[in-house]
Amino acid sequence: MNTIDFLLRGEYITLDALLKATGLAGSGGAAKAMVADGRVQVDGRDELRKTCKIRAGQVVAVTGTRVRVMADPDAPPA
């Protein structure tokens, strides 16, 4: 399984924006369709909320790829 480490610069990123930012979806519409089709898991559970908030420490999985969301140590404090 391919793994992508994603550095989170804020408190959270929405699931559809994460899929687009990592290149797993070609557009925001494609990302929303992937979620709606039940092809995305967050922390091992199916996720159907397109704009759920993904925070540091969570893992998103899509068809053979895992995205580990990590806090950016260089980001200014919130």
Side-chain angles (χ1 to χ4, degrees):
M1 181 173 279
N2 188 28
T3 300
I4 298 170
D5 290 334
F6 181 82
L7 292 179
L8 184 62
R9 294 203 170 107
E11 182 182 344
Y12 67 87
I13 186 169
T14 60
L15 180 56
D16 60 333
L18 176 68
L19 295 174
K20 185 177 173 187
T22 56
L24 294 173
S27 68
K32 289 177 181 178
M34 290 169 69
V35 177
D37 290 343
R39 298 181 3 210
V40 181
Q41 292 186 328
V42 176
D43 294 333
R45 295 182 180 201
D46 292 340
E47 182 58 71
L48 297 174
R49 296 174 295 158
K50 300 169 191 86
T51 58
C52 74
K53 296 175 181 178
I54 304 298
R55 293 183 165 80
Q58 291 189 288
V59 176
V60 175
V62 181
T63 319
T65 302
R66 288 177 3 144
V67 179
R68 292 187 304 190
V69 180
M70 303 181 324
D72 184 350
D74 297 328

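Computation of the quantities below employed the complete heavy-atom set of this structure, encompassing side-chain atoms and omitting hydrogens, waters and symmetry-equivalent molecules.
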Nearest heavy atoms of Met70 and Ala56, plus distance in Å | C-CB, 4.1 Å
Spatial distance of atom OG1 (Thr51) from atom NZ (Lys32) [nearest 0.5 Å] = 7.5 Å
Under the 3.5 angstrom rule, does the side chain of Asp72 hit a backbone N or O of Leu8 as a donor-acceptor pair?
-> no
Taking all non-hydrogen atoms of both residues, which atom of Gln41 and which atom of Asp46 are closest, and how far apart?
-> NE2-OD1, 3.2 Å
Looking at Ile54, Thr22, Leu7, which one forms a side-chain contact (heavy atoms from CB on, under 4.5 Å) with Val69?
-> Ile54
Would you indicate whether the side-chain heavy atoms of Leu15 and Arg49 approach each other to under 4.5 Å?
-> no
Phe6, CZ atom: more than 12 neighbouring heavy atoms under 6.0 Å | yes
Which pair of non-hydrogen atoms, one from Lys20 and one from Gly28, has the smallest distance, and what is that distance?
-> CD-N, 3.7 Å
Hey, does Leu19 have a side-chain heavy atom less than 4.5 Å from the side chain of Val35?
-> yes
How many angstroms lie between CZ in Arg66 and CD1 in Ile4, if you round to the nearest 0.5 Å?
-> 11.0 Å
hydrophobic_cluster_shared for Tyr12 and Val67, side chain cutoff 4.5 Å | no
